[in-house]
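Here's the structure we're looking at; comments come further down.
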Amino acid sequence: MNSGHRSDDSGQPDADPADQWVLDPETGEFRLRPDAARRASEGRAGVPQAGAARAGAAAEVPRARPAGRAGASAAAGGRSARRRSRVVRGRRLLTWAAGALGLVLVAGCGGALYVYRHLNRNISSVNVQVGDESERPRAGNAALNLLVIGTDSRVGLGRDYGDEGSTGHADTTLLFHISKDRSNATVLSIPRDLMVTVPDCRSGEKRIPGSARAMFNTSLGQEGRDPGCTWKTVEKLTGVRIDHFMMVNFEAVKSLSTAVGGVEVCAATAIDDPYSHLRMTAGRHVVQGEEALAFVRTRHAVGLGGDLTRIPLQQQFISSMIRKMKSSDTLTSPAKLWNLADAATKALTVDSAIDDVNRLKDLALDVSRVNTRNITFTTVPVLDDPTDSNRLVLKPGDAQQLFAMIAADRSLTETAPPTAPTPSASASEPPPIDAEAVRVTVRNGTGTPGQAGRAVSLLRARGFTLAVTGSNTEARPTGSVSYPAGQEDRAQAVAAALGLPATALRAGGRSAGVTVVLGADFVGTGTPSASPTGAPKDLQRVRADDTNVCASKFK
């Protein structure tokens with residue numbers, strides 16, 4: 001943070017806010033220094049100096065402690081009373097969570113009105129349009145799903161990073177799933193080179209046609225697509241309902257890593273990457289600014305030299321960033337907290353539902369409840385695209401199993417599950433239905449001819465005699481089962497008969513019966529894949545508290 005004088009909202013010179021606030025170790029609260037409070041009282045009478053963490057809360061100016069024994073005794077009694085009365089108000093901590101390219105942070109600062117206004121002005125937002133509710137995955141069970149997008153935009157960056165002036169694509173994307181009980185989190189990396197269905201979307205007033213087969217990173221930027229298009233693409237790909245998005249760019253990595261005083265990373269062997277300009281000897285290093293950005297961009301000089309190599313390297317960086325954010329070295333430094341909060345809010349572009357410091361604070365406080373040891377990073381299971389060795393496709397079975405785990409709130413970390421009564425057999429099993437009375441229309445979206453007819457044959461063999469084929473639709477990675485009001489039990493039975501996960505169900509179908517749109521995940525086994533309890537075999541993963549991860553191990 002730059003030193004020197006600045007002006008507050010009234011235009012008067014003011015000292016650096018980080019220097020005016022100190023942490024009171026007895027109350028755990030940030031307080032104005034006595035001399036700062038006195039100057040504020042004398043120089044700007046009537047102007048609120050500090051407020052509660054929420055906008056509109058009554059302002060107060062902390063008083064200097066009285067001197068002498070009597071004063072000390074009175075102060076001690078006052079502290080005790082104040083500690084009893086402060087519950088929520090006693091913690092004015094601003095926390096923010098996000099992922100790769102400056103993704104998951106925990107920051108805090110004093111509740112000054114100046115700070116609130118300043119940080120609020122930093123935030124940029126997009127009013128995303130995610131489509132008709134009937135087309136989206138069902139709302140979750142109080143779990144929280146954040147989509148974090150790292151864009152490779154070069155707008156305003158000159159020629160230093162190549163592709164000058166590029167508006168950027170979804171270069172690094174993470175689905176950050178926080179469990180319902182906030183005991184654990186799964187952070188799912190989606191490779192930029194994965195071939196997916198990008199759905200039709202809207203950016204402002206513009207309608208942008210989708211594509212049945214496109215690189216995932218083109219879901220942002222291409223044809224003018226905004227983060228809402230990436231949001232829709234991820235929901236279609238995974239069957240997981242997104243709650244909010246956060247987007248950051250190259251500058252975010254530099255500013256955030258600098259704000260915390262650097263992030264420790266590890267290289268198992270020396271790295272010399274002429275593309276990212278990273279030159280690093282083997283061993284541990286603390287990186288910030290340009291070197292931090294070079295580290296998360298590196299892919300040509302480690303592992304196999306592709307995006308799948310770069311993803312675990314980024315996961316190492318983010319894990320280390322999380323640990324640094326939660327360290328006492330950061331949380332007890334007013335200067336670092338101010339720098340971090342200022343850098344984080346400048347770095348963020350968010351959806352309009354959370355474009356306010358208070359909303360971000362509430363969201364981040366919820367996220368920060370997860371212990372670092374229970375945060376697991378993983379990557380979508382993929383294979384080389386048989387038609388293009390430079391592209392990737394979903395690994396059949398494994399990818400759908402992982403998506404279903406996340407949608408069903410199943411943890412990848414070994415945490416004790418919350419205690420809950422075991423349901424009886426009658427309560428856990430769906431009520432029987434009359435399959436012969438269920439009207440089912442099956443449409444083929446697998447990209448493989450004849451799959452709709454195969455599905456109808458499976459359904460009829462299981463008693464759904466009214467099942468018929470419908471028109472084909474565009475190819476998609478995952479299927480859906482839509483149903484009108486009052487027919488959820490029928491849709492569940494149809495999905496189970498076809499081996500489709502519960503995440504495929506969509507309320508609000510427009511036809512009189514159940515409509516199935518098959519996707520590439522259709523295998524026709526008739527075995528429900530909903531709520532798997534185990535992860536796919538050989539799943540790549542990095543735990544956020546693992547300090548032994550080094551870059552060149554990913555070969």
Side-chain angles (χ1 to χ4, degrees), residues 129-131 135-137 147 149 151-152 166-175 188-203 206-240 242 306-308 311 379-403 442-455 470-480 500-501 503-504 506 516-524:
Q129 302 176 60
V130 291
E135 300 174 353
R136 302 184 62 198
L147 181 65
I149 306 169
T151 173
D152 57 357
S166 169
T167 56
H169 294 87
D171 191 56
T172 299
T173 304
L174 301 178
L175 174 56
L188 178 68
S189 295
I190 303 175
R192 50 161 287 164
D193 298 331
L194 179 65
M195 302 306 294
V196 300
T197 295
V198 177
D200 295 348
C201 64
R202 301 192 70 86
S203 181
K206 181 181 179 182
R207 179 187 174 278
I208 305 170
S211 172
R213 177 178 160 83
M215 279 179 60
F216 175 82
N217 72 331
T218 63
S219 65
L220 177 71
Q222 198 83 353
E223 309 291 337
R225 294 182 179 122
D226 69 11
C229 298
T230 305
W231 181 322
K232 288 188 68 174
T233 301
V234 173
E235 287 194 338
K236 268 196 174 299
L237 175 70
T238 65
V240 176
I242 306 300
D307 194 47
L308 290 181
I311 285 174
T379 305
V380 173
V382 294
L383 299 171
D384 288 337
D385 186 343
T387 64
D388 186 343
S389 60
N390 292 317
R391 300 291 177 258
L392 302 167
V393 294
L394 293 178
K395 185 177 182 179
D398 283 11
Q400 287 75 28
Q401 182 178 352
L402 181 57
F403 297 156
V442 182
R443 303 176 65 191
N444 186 8
T446 65
T448 302
Q451 291 294 78
R454 180 183 172 207
S471 58
N472 291 344
T473 184
E474 63 179 16
R476 60 196 64 201
T478 57
S480 64
L500 299 176
T503 53
R506 305 284 188 273
V516 177
V517 179
L518 300 175
D521 58 338
F522 172 64
V523 292

Rounded distance [0.5 Å steps], [atom1] in [X] versus [atom2] in [Y]:
X      : Y      : atom1 : atom2 : answer
Asn472 : Gln451 : CG    : CD    : 10.5 Å
Met195 : Ser211 : CE    : OG    : 7.5 Å
Ile149 : Leu174 : CD1   : CG    : 10.0 Å
Arg476 : Leu518 : CZ    : CG    : 10.0 Å
Thr172 : Asn217 : OG1   : CG    : 10.0 Å

Closest heavy-atom pair and its distance - [X], [Y]:
X      : Y      : value
Thr473 : Gly445 : CG2-CA, 3.6 Å
Gly228 : Val130 : O-CG1, 4.5 Å
Val393 : Pro386 : CG2-CD, 4.3 Å
Arg506 : Gly479 : NH2-O, 4.4 Å
Met215 : Asp193 : CE-OD1, 3.1 Å

Original post:
Which pairs, with at least one residue in residues 215-233 and sequence neighbours excluded, count as a salt bridge (charged side-chain N to carboxylate O under 4.0 Å, His left out)?
Top reply: none
Original post:
Applying salt bridge (charged side-chain N to carboxylate O under 4.0 Å, His left out), which residue pairs with at least one partner in residues 385-401 are found, sequence neighbours left out?
Top reply: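 Sorted pair list: Arg213-Asp385, Lys395-Asp398.
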Enumerate, atom names and distances included, each donor-acceptor pair closer than 3.5 Å involving a side-chain atom of residues 233-240, sequence neighbours excluded.
| unit_1 | atom_1 | unit_2 | atom_2 | d |
| --- | --- | --- | --- | --- |
| Thr233 | OG1 | Cys229 | O | 2.8 |
| Glu235 | OE1 | Arg136 | NE | 3.1 |
| Glu235 | OE2 | Arg136 | NE | 3.4 |
| Glu235 | OE2 | Arg136 | NH2 | 2.7 |
| Glu235 | OE2 | Trp231 | NE1 | 3.2 |
| Glu235 | OE2 | Ile242 | N | 2.9 |
| Thr238 | OG1 | Val234 | O | 2.8 |
| Thr238 | OG1 | Val240 | N | 3.1 |

Could you list the residues that satisfy side chain to side chain contact (heavy atoms under 4.5 Å, CB included) with [X], not counting sequence neighbours?
X      : answer
Gln129 : Arg202
Ala452 : Val442, Asn444, Thr469
Pro209 : Asp200, Arg207

**OP:** Please confirm whether the backbone N or O of Ser219 pairs with a side-chain atom of Gln222, one donor and one acceptor, at under 3.5 Å?
**Re:**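 Answer holds: no.
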Original post:
Does any N or O in the side chain of Arg192 come within less than 3.5 Å of the main-chain N or O of Ile190, such that one atom is a donor and the other an acceptor?
Top reply: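 Not at all, since once roles are kept as given, no pair shorter than 3.5 Å links the two residues.
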For [X], enumerate each residue passing the side-chain hydrogen bond (donor to acceptor under 3.5 Å, both in side chains) test, keeping only those at least two apart in sequence or located in another chain.
X      : answer
Ser189 : Gln315
Lys206 : none
Thr448 : none

**OP:** With the side chain counted from C-beta on, respond yes when Val198 and Phe216 share a heavy-atom pair under 4.5 Å apart, and no when they do not.
**Re:**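 Heavy-atom side-chain distance check fails, nothing below 4.5 Å.
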Subject >> Within-4.5 Å side-chain heavy-atom neighbours: Leu175 and Thr173 >> reply: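 Not in contact.
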Original post:
Just one of Asp384, Thr379, Val380 clears the side chain to side chain contact (heavy atoms under 4.5 Å, CB included) bar with Val382, so which one?
Top reply: Val380
